[in-house]
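Proteins get letters first, then strands, A, B, ... in listed order; numbering begins at 1 in each. Just so you know, these numbers come straight off a predicted model, no measurement behind them.
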Amino acid sequence: MAAVKYWLMKTEPTSYSIQDLAAEKQQKTFWNGVRNYQARNYMRDEMKVGDKVLFYHSNATPPAIVGVATIVRESYPDHTSWDRDNKHYDPKSTAQNPRWFMVDIKLEQIFDEPLPLDTLRNVAALKEMELLRKGSRLSVQPVKRLEFDTVLKLAKKKR
DNA sequence: GCCAACGTTGGC
DNA sequence: GCCAACGTTGGC
């Protein structure tokens with residue numbers, strides 16, 4: 001069995017927050033709306049059931065990692081991409097020939113306190129984290145196991 | 001609201 | 001295939 005992989009997924013809390021996820025039936029949702037090829041490829045090709053996800057609030061005050069989720073369903077077509085009325089509609093994607101994919105995630109944990117970007121920048125073990133790279137905009141990105149573990153430890157210390 | 005850093009589009 | 005113009009992301 002393949003090893004568990006670690007990821008980080010961004011969302012603007014004004015459009016979908018970790019609290020929204022917590023309010024879902026079974027605390028599950030489909031991660032629709034990704035319209036970037038690199039992010040899509042990670043979701044479509046590499047995410048497996050059981051992988052762990054750091055849940056990140058972008059464009060928030062402050063921007064922060066706010067919790068952890070788990071992949072509960074592997075990639076399938078993002079049906080919102082061929083829905084004309086959807087904000088993420090893409091005329092080049094159809095049900096017959098889907099261009100965009102999504103996964104299902106389930107909430108695992110909301111941190112007692114969010115871990116702000118500022119705090120993360122001051123942690124040596126996270127120096128090379130993709131999230132902290134200047135100009136990093138990827139909304140779905142891989143995280144190293146050490147980075148993931150470090151983040152969890154930091155979250156625990158807050159208690 | 002500004003703007004740097006991307007990614008995408010489309011004319012050539 | 002190049003690259004200018006344009007659009008988006010996201011911290012500040």
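Closest approach of M43(A) and M102(A) over heavy atoms only: CE-CA, 4.0 Å.
Taking the six-membered ring where tryptophan is involved, the planes of F148(A) and Y6(A) are tilted, since the angle between them lies from 30° to 60°.
Ionic pairing of D149(A) and K153(A) is not present here: no N-O contact between side-chain nitrogen and carboxylate oxygen is shorter than 4.0 angstrom. For K5(A) and E46(A), the salt-bridge test fails: no basic side-chain N is under 4.0 Å from an acidic carboxylate O.
If you measure from atom CG of N59(A) to atom C1' of dC12(C), you get 10 Å, rounded to the nearest angstrom.
Taking every side-chain heavy atom of K134(A) into account, dA4(B) is the closest of dC12(C), dA4(B), dC6(B).
For T80(A), the side-chain contact (heavy atoms from CB on, under 4.5 Å) partners are N32(A), R35(A), D78(A), N86(A), H88(A), not counting sequence neighbours.
Using five terminal pairs a side, the axes of the helix from dG1(B)-dC12(C) to dC12(B)-dG1(C) at its two ends make an angle of 10°, given in steps of 10 degrees.
For NZ of K127(A), the number of neighbouring non-hydrogen atoms (other residues, nucleotides, ligands) closer than 6.0 Å is 12 at most.
The six-membered or imidazole ring of W82(A) lies away from that of Y89(A), with a centre-to-centre distance of 6.0 Å or more. Aromatic ring centres of Y76(A) and W100(A): separated by at least 6.0 Å.
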Dump every N/O contact between nucleotides 7-10 of chain B and the protein below 3.5 Å, one line per pair.
from	atom 1	to	atom 2	distance (Å)
dG7(B)	O4'	R137(A)	NH2	3.1

